[in-house]
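All chains are named by letter (A, B, ...) in the order of the sequence lines, taking the proteins before the strands, and each is independently numbered beginning at 1.
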Amino acid sequence: MSFICRFAPSPTGPLHIGGVRTALFNWLLAKKNKGKFYLRIEDTDKERSKEEFKKQIIDSLGWIGIKHDDKEFIQSENIKKHKQIVDELLKQGFAYKCYCSEEEIKKQKEKCKKQGIPYVYNRKWREPKDLEVPKDVKPVIRFKSKISGETKIKDLVQGEVNISNSIIEDFVILRQDGSPTYQLCAVVDDNEMKITHVIRGDDHKINTFKQKQIYEAMKWKIPEFAHIPLIHSEKGSKLSKRDMASTIGDYIKKGILADALRNYLLRLGWAHKDKEIFTLEESINLFDLNGVGKSPSKLDLSRILSLNEHYIKHIDEKQLFGLLKDFAQNFRDRISPSKEKAVLQSINFLKNKAKTLDDIYCNSEYIIKDNIDIVAEDKKLLDAAAKKIISEFLEKFKKIDVPNKEKLEEIINNLIKKHNTNFKGVGQPLRIALVGSRFGPGIYNIILSLTKDEVIKRISKIN
RNA sequence: GGUCCCAUCGUCUAACGGUUAGGACAGAUGGUUUUCAAUCAUCUAAUCGGGGUUCGAUUCCCCGUGGGACCGCCA
């Protein structure tokens with residue numbers, strides 16, 4: 001059985017995370033079934049479609065690891081075919097010209113609103129026997145929908161759904177300006193691309209009933225449909241561009257790894273027993289539409305962070321460092337080549353207290369930056385006694401040729417004894433002097449991650 | 001308002017007629033620790049309500065309630 005699916009976004013804004021999940025599900029299924037995954041840019045809304053969004057969509061998908069087969073399909077480039085099908089539908093009596101002016105339609109809508117009844121186009125021009133064609137109105141072309149009976153769809157996620165044909169209006173398939181609409185283009189393109197499975201957001205479910213009628217009129221093979229539930233914002237409604245952290249870029253900026261977001265999105269609306277962590281390979285092998293639930297799910301940032309933490313701790317450290325380097329360059333300050341080695345060698349402990357790349361960056365800042373600022377609140381902790389201890393530490397430290405943990409331990413233990421204090425009494429002032437904060441990595445890790453000169457410089461500065 | 005869809009811990013979900021309703025995240029408590037974190041252990045927490053069907057309903061059916069989607073010459 002062949003499996004050809006597609007993701008068909010419109011380039012009218014940045015791709016949000018719901019779209020990414022739809023793409024992911026399509027792609028996973030294509031991979032699993034050794035089928036094809038196509039990307040179709042639905043740019044028939046000339047006003048709002050922008051080239052930059054097309055690029056952003058492809059980049060976003062690429063970032064998370066989704067690559068479409070062949071070249072992306074640009075819907076507007078197939079306009080000839082779309083028009084040809086409109087003509088054919090017209091010829092065969094499945095469509096008709098409607099000369100209602102926009103004003104006339106507007107009036108009808110208002111009237112309906114006043115009366116509190118739902119607006120449905122009144123099919124005025126469906127049987128235009130007694131009507132005179134107005135000279136000043138350019139017609140739109142409407143599809144002649146079925147008036148009676150029911151249309152039934154078998155949805156791979158939703159099950160069987162049927163609605164009465166009477167509520168489906170005669171929808172426009174060709175605009176006044178001669179351009180075909182989404183309902184028509186999507187069907188024509190899906191047919192041409194030989195799409196076998198249309199997997200899309202639940203918000204398209206009603207469209208399916210319109211589109212099915214076009215397939216039937218053209219005697220085309222009807223694909224399988226699967227409408228996956230939408231992702232809701234924390235407020236509980238459909239995710240919109242206005243919601244915080246709704247685009248891939250928002251997550252990249254926070255320092256989320258692609259694997260973590262992929263894993264998160266996979267588990268949003270889908271489950272495989274109690275399994276939480278899925279490698280890419282496992283996602284492909286285990287994903288199926290049966291496991292997709294029917295109810296919408298809310299976005300939960302703390303879960304993304306916890307998944308991100310997991311991936312930060314488990315991926316290869318060199319790879320993690322590479323990601324950190326890119327992250328720093330794009331969103332923070334570039335890590336200078338002279339500091340790269342020190343950061344890479346320390347990443348093993350720097351990553352341990354991080355949920356995001358940004359956290360790792362912050363943890364690394366004392367290595368990356370030549371001058372550190374001491375947090376005002378912590379500066380107060382450096383009283384005379386503390387200063388005395390670290391200056392004594394400094395004297396002994398200077399005498400070490402090559403610092404290592406054993407030697408440092410010896411110095412610190414002696415200081416603890418001499419000053420009748422505990423580890424904190426020595427460690428805390430040292431940490432403040434070296435990192436600028438009483439919070440930070442283990443004191444041995446800190447000292448060994450800096451050069452000897454740097455340690456001397458920072459401690460000297462205190463007195 | 002009309003049409004359609006949905007409903008298990010706060011959140012993501014498991015249990016496809018029989019479980020003390022499970023896991024994960026978040027939360028709480030305690031242990032460990034060199035600060036923060038991490039880690040380990042423990043705990044709190046759910047089947048929307050009402051009727052059926054059945055020996056037995058989270059699961060099937062109906063009604064109610066709540067939430068959502070759609071109702072464009074947008075896609």
Inset, instruction - Could you check how far CD of A:Q158 sits from P of B:U3, rounded to whole Å? - result: 19 Å
Inset, instruction - Send over the distance from A:E169 CD to B:C73 C1', rounded to a whole Å. - result: 11 Å
Inset, instruction - Give one of base, sugar-phosphate or nothing for A:V140, where a contact means two heavy atoms less than 4.0 Å apart. - result: base
Legend entry - B:C71 pairs with, by Watson-Crick or G-U criteria that keep both distances under 3.5 Å: B:G1
Legend entry - P-based separation of B:U8 from B:G49 [nearest Å]: 11 Å
Inset, instruction - Please answer whether the main-chain N or O of A:S145 pairs with a side-chain N or O of A:D170 as donor and acceptor at a distance below 3.5 Å. - result: yes
Inset, instruction - Answer yes or no: does a side-chain N or O of A:T44 lie under 4.0 Å from OP1 or OP2 of B:A75? - result: yes
Inset, instruction - Just compare B:U11, B:A38, B:A75 and give me whichever is closest to any side-chain atom of A:K355. - result: B:A38
Inset, instruction - Please check the phosphate of B:C70 (OP1 and OP2 only) for any side-chain N or O of A:K205 closer than 4.0 Å. - result: no
Legend entry - Gap between atoms CG and P, on A:D378 and B:C36 respectively (whole Å): 12 Å
Legend entry - A:S437 side chain near B:U35 phosphate (N/O to OP1/OP2, under 4.0 Å): no
Inset, instruction - Assign A:Q176 to base, sugar-phosphate, or nothing according to its heavy-atom contacts below 4.0 angstrom with the strands shown. - result: base
Legend entry - Length of the line joining A:L184:CG and B:G72:P, which is rounded to integer Å: 18 Å
Legend entry - Nucleotide opposite B:C55 in a Watson-Crick or G-U pair, distances under 3.5 Å: B:G18
Inset, instruction - Report which part of the nucleic acid A:K275 touches: base, sugar-phosphate, or nothing (heavy-atom distance under 4.0 Å, all strands). - result: nothing
Inset, instruction - Determine, for A:F278 and A:K275, whether the Lys NZ or Arg CZ falls below 6.0 Å from the six-membered ring centre while staying within 45 degrees of the axis. - result: yes
Inset, instruction - Nearest-nucleotide wise, let me know which of A:S295 and A:Q183 is further upstream toward the 5' end of RNA chain B. - result: A:S295
Inset, instruction - Using the C1' atom as the reference point in each nucleotide, state the distance between B:U47 and B:A57 in Å, no decimals. - result: 11 Å
Inset, instruction - Round to the nearest Å and state the distance from A:I443 atom CD1 to B:U35 atom C1'. - result: 9 Å
Legend entry - A:R431 to A:F439 six-membered ring, cation-pi geometry met (6.0 Å, 45°): no
Legend entry - Minimum-distance nucleotide (side-chain atoms of A:R267 versus B:G23, B:C5, B:C70): B:G23
Legend entry - Whole angstrom value for the distance that separates P of B:U3 from CD of A:E150: 13 Å
Legend entry - Nearest to side-chain heavy atoms of A:A271, which nucleotide of B:U11, B:A75, B:U13: B:U13
Inset, instruction - Considering non-hydrogen atoms only, spot the tightest contact between A:G269 and A:S297 and give its length. - result: N-OG, 4.0 Å
Legend entry - Sugar-phosphate, base or nothing in reach of A:P229, heavy atoms under 4.0 Å: nothing
Inset, instruction - Spell out yes or no: do the side chain of A:R303 and the base of B:A24 have one donor N/O and one acceptor N/O closer than 3.5 Å? - result: yes
Inset, instruction - Report yes or no: is there a donor-acceptor pair, N or O only, under 3.5 Å between the side chain of A:R431 and the base of B:U34? - result: yes
Legend entry - Inter-nucleotide C1' distance (B:C73, B:U58), Å rounded: 47 Å
Legend entry - Nucleotide forming a Watson-Crick or wobble pair with B:A45, both distances under 3.5 Å: none
Inset, instruction - Between B:G27 and B:A46, how far apart are the C1' atoms? Round to whole Å, please. - result: 15 Å
Legend entry - Side chain of A:Q75 (C-beta onward), nearest among B:C5, B:A26, B:A75: B:A75
Legend entry - Complement of B:U65, any strand, by Watson-Crick or G-U distances under 3.5 angstrom: B:A7
Inset, instruction - From the options B:C12, B:U35, B:C73, select the nucleotide whose nearest atom is closest to the side chain of A:K353. - result: B:U35
Inset, instruction - With ring-ring contact (aromatic ring centres under 6.0 Å, His included) as the test, would you mind laying out the steps for A:W125 and A:Y99 before giving the verdict? - result: CA-CA 7 Å; A:W125 290 88; A:Y99 290 90; 5.0 Å; yes
Inset, instruction - Indicate, with yes or no, if the rings of A:Y38 and A:F73 have centres closer together than 6.0 Å. - result: no
Inset, instruction - Under 4.0 Å between any heavy atoms, over every strand shown, what does A:Y264 touch: base, sugar-phosphate, or nothing? Just pick one. - result: nothing
Legend entry - Distance in angstrom units between A:K46 NZ and B:A75 C1', rounded: 14 Å
Legend entry - Closest-nucleotide ordering on RNA chain B, the 5'-leading residue of A:S237 and A:E160: A:E160
Inset, instruction - For B:C60 and B:C6, measure between their P atoms and round to the nearest Å. - result: 11 Å
Legend entry - Minimum-distance nucleotide (side-chain atoms of A:F439 versus B:C36, B:A75, B:A69): B:C36
Inset, instruction - Please report, rounded to the nearest Å, how far the P atom of B:C25 is from the CD1 atom of A:I277. - result: 9 Å
Inset, instruction - Provide the distance between the two P atoms, one in B:G23 and one in B:U35, to the nearest whole Å. - result: 31 Å
Legend entry - Under-4.0 Å side-chain N/O to phosphate OP1/OP2 contact, A:K238 with B:C70: yes
Inset, instruction - Would you indicate what A:G442 reaches in the nucleic acid, counting non-hydrogen atoms under 4.0 angstrom: base, sugar-phosphate, or nothing? - result: base
Inset, instruction - Between B:A45 and B:U11, how far apart are the C1' atoms? Round to whole Å, please. - result: 12 Å
Inset, instruction - Begin with the C-alpha distance, continue with both residues' side-chain angles, and end with the deciding distance and a verdict on ring-ring contact (aromatic ring centres under 6.0 Å, His included) for A:Y182 and A:H204. - result: CA-CA 11 Å; A:Y182 161 77; A:H204 282 285; 5.6 Å; yes
Inset, instruction - Scan A:G293 against the nucleic acid and name what it touches under 4.0 Å (heavy atoms): base, sugar-phosphate only, or nothing. - result: nothing
Legend entry - Touch class at under 4.0 angstrom, heavy-atom based, for A:E276 against every strand present: base
Legend entry - Listed nucleotide nearest any side-chain atom of A:I167, set B:U3, B:C12, B:C6: B:U3
Legend entry - Distance, P atom - from B:G64 to B:C5, rounded to whole angstrom: 14 Å
Inset, instruction - Identify whether any heavy atom of A:C100 sits under 4.0 Å from a base atom; if not, whether one sits that close to sugar-phosphate; answer base, sugar-phosphate or nothing. - result: base
Inset, instruction - Answer yes if the ring centres of A:F287 and A:W270 are under 6.0 angstrom apart, and no otherwise. - result: yes
Legend entry - Selection from B:A14, B:A69, B:C6 that lies nearest to any side-chain heavy atom of A:D274: B:A14
Legend entry - Proximity to the side chain of A:T181 - top-ranked nucleotide from B:A69, B:U11, B:C73: B:C73
Inset, instruction - Indicate yes or no: at least one non-hydrogen side-chain atom of A:R142 is less than 4.5 angstrom from one of A:Y121. - result: yes
Inset, instruction - Sort out the partner of B:G30 for me: Watson-Crick or G-U wobble, both distances under 3.5 Å, none otherwise. - result: B:C40
